[in-house]
Amino acid sequence: MPARRLFFGIALPEPIQQEIIRWRAGAFEADAGRPLPAASLHLTLAFLGDVSDEKALALSKQAGRIRQSPFVLNIDDAGHWPRPGIVWLGPRQAPRGLVQLADILRSQAARSGCAQSPYPFHPHISLLRNANRPVAMPSRHFHWQFTVERFALYHSLFEKGRMRYQSIESWPLTS
Ligand code: 2AM
């Protein structure tokens, strides 16, 4: 089987996905960028790239041994990265639990030979893609909050001209 493009991430609760896309419809100009579908809204913890099944299994086993408590995630910040063309939402202050979880997964990935970005972890939920021109950003009068109780390994598939993220396996965070 060929290598699959994988990443570890956090799913947003469905009601929050729906609230965000409703808010997004009124918050940006129609030509600001290509909106991601509700079901694709997620926060990436560690990007793995193209991974063989054997390596994916080893990384899953390591992920399953992580012991960490749930944490509260506030989504109260937004930004625009013109070069990759992304408009995103995220936390103004990343919770310690989120940073710890991403650090562990990123170092396990690096040890398994999955090249990791040299940039610090910047937690974000991509909202619009192909946003390479200046974007009028909405005022930050929004705030979503949820408790992160699981994280998952995702397969990133290119289907019918767009990316789809399929959860392969997920693990609970337990106190
Ligand atoms: P993005 O939303 O900022 O593009 C699946 O592709 C997920 O992995 C997306 O959340 C994407 O982040 C992230 N991703 C894709 N390519 C990446 C890379 N080379 N380095 C880090 N993250 C990447």
Side-chain angles (χ1 to χ4, degrees), residues 2-14 16-18 20-21 23-24 27-28 32-53 55-56 59-60 62-63 66 73-92 94-95 97-135 137-138 142 144 146 148 150-171:
R4 289 177 297 173
R5 190 177 170 89
L6 304 179
F7 65 96
F8 286 105
I10 293 168
L12 268 59
E14 218 226 294
I16 294 187
Q17 289 178 329
Q18 295 299 335
I20 289 176
I21 61 157
W23 166 82
R24 181 180 62 189
F28 295 94
R34 186 167 55 77
L36 275 91
S40 294
L41 300 180
H42 69 277
L43 189 151
T44 297
L45 293 162
F47 180 71
L48 304 175
D50 291 332
V51 177
S52 67
D53 283 355
K55 201 184 271 189
L59 285 162
S60 291
Q62 291 179 43
I66 295 175
L73 183 64
N74 287 294
I75 302 174
D76 52 4
D77 196 14
H80 178 212
W81 294 330
R83 198 101 76 90
I86 289 172
V87 170
W88 53 266
L89 291 177
R92 287 184 204 204
L98 174 65
V99 175
Q100 263 173 15
L101 183 58
D103 276 356
I104 296 171
L105 290 167
R106 282 160 60 113
S107 28
Q108 288 178 341
R111 278 202 299 277
S112 293
C114 301
Q116 292 302 290
S117 157
Y119 300 109
F121 174 57
H122 189 300
H124 66 279
I125 296 152
S126 294
L127 264 192
L128 303 174
R129 292 203 185 281
N130 303 356
N132 302 98
R133 288 184 301 155
V135 172
M137 292 297 289
F142 55 81
W144 292 277
F146 64 99
V148 177
R150 308 187 76 76
F151 67 100
L153 178 64
Y154 289 92
H155 182 195
S156 173
L157 301 121
F158 192 66
E159 254 181 14
K160 296 179 190 147
R162 52 174 56 221
M163 301 305 298
R164 188 166 72 81
Y165 309 124
Q166 184 179 51
S167 167
I168 298 176
E169 194 173 354
S170 75
W171 299 269

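Counting convention: from 1, in listed order, for ligands and their atoms alike.
Remark: minimum distance from atom 12 (O) of ligand 1 to any protein heavy atom is reached at His124 NE2, 4.1 Å. Closest to atom 11 (C) of ligand 1, if we only count protein heavy atoms, is Thr44 OG1, 4.2 Å. For atom 4 (O) of ligand 1, the nearest protein heavy atom (residue, atom name, distance) is Arg129 NH1, 2.9 Å. Atom 1 (P) of ligand 1 has Ser126 OG, 3.4 Å as its closest protein atom, hydrogens excluded (heavy atom only).
Across Trp88, Tyr165, Phe47, a single residue satisfies ring pair (Phe, Tyr, Trp, His ring centres under 6.0 Å) together with His42, and that is Tyr165.
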Please tabulate, one pair per line, all N/O donor-acceptor pairs under 3.5 Å involving side-chain atoms of residues 97-112, not counting sequence neighbours.
residue : atom : partner : partner atom : Å
Arg106  : NH2  : Tyr119  : O            : 3.0
Ser107  : OG   : Asp103  : O            : 2.6
Ser107  : OG   : Ile104  : O            : 3.4
Ser112  : OG   : Gln108  : O            : 3.2

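Within ligand 1, counting atoms from 1 as listed, the ones closer than 4.0 Å to a heavy atom of Arg5 are 15 (C), 16 (N). The ligand atoms of ligand 1 that sit less than 4.0 angstrom from a heavy atom of Ile86 are 1 (P), 3 (O), 4 (O).
The two residues Phe151 and Ile10 come nearest to each other via the heavy atoms CB-CG1, 4.4 Å. Tyr154 and Ala11 make their closest contact through OH-CB, 3.2 Å (heavy atoms, listed as atom of the first residue, atom of the second, distance).
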Start with the C-alpha distance between Arg4 and Ile168, add both sets of side-chain angles, then the distance that settles side-chain contact (heavy atoms from CB on, under 4.5 Å), and finish with yes or no. CA-CA 11 Å; Arg4 289 177 297 173; Ile168 298 176; 3.8 Å; yes

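Residues forming a side chain to side chain donor-acceptor pair (under 3.5 Å) with His80 (at least two apart in sequence, or on another chain): none.
Residue contacts with ligand 1, taken as heavy atom pairs separated by less than 4.0 Å, do not involve Met163 at all. Contacts with ligand 1 closer than 4.0 Å are made by side-chain heavy atoms of Tyr165 only, the backbone lying farther away.
Of the possible polar contacts, none joining the Arg34 side chain to the Asn130 backbone as a donor-acceptor pair under 3.5 Å is found.
Looking at Phe7, Phe121, Phe47 and measuring to atom 22 (N) of ligand 1, the nearest heavy atom belongs to Phe47.
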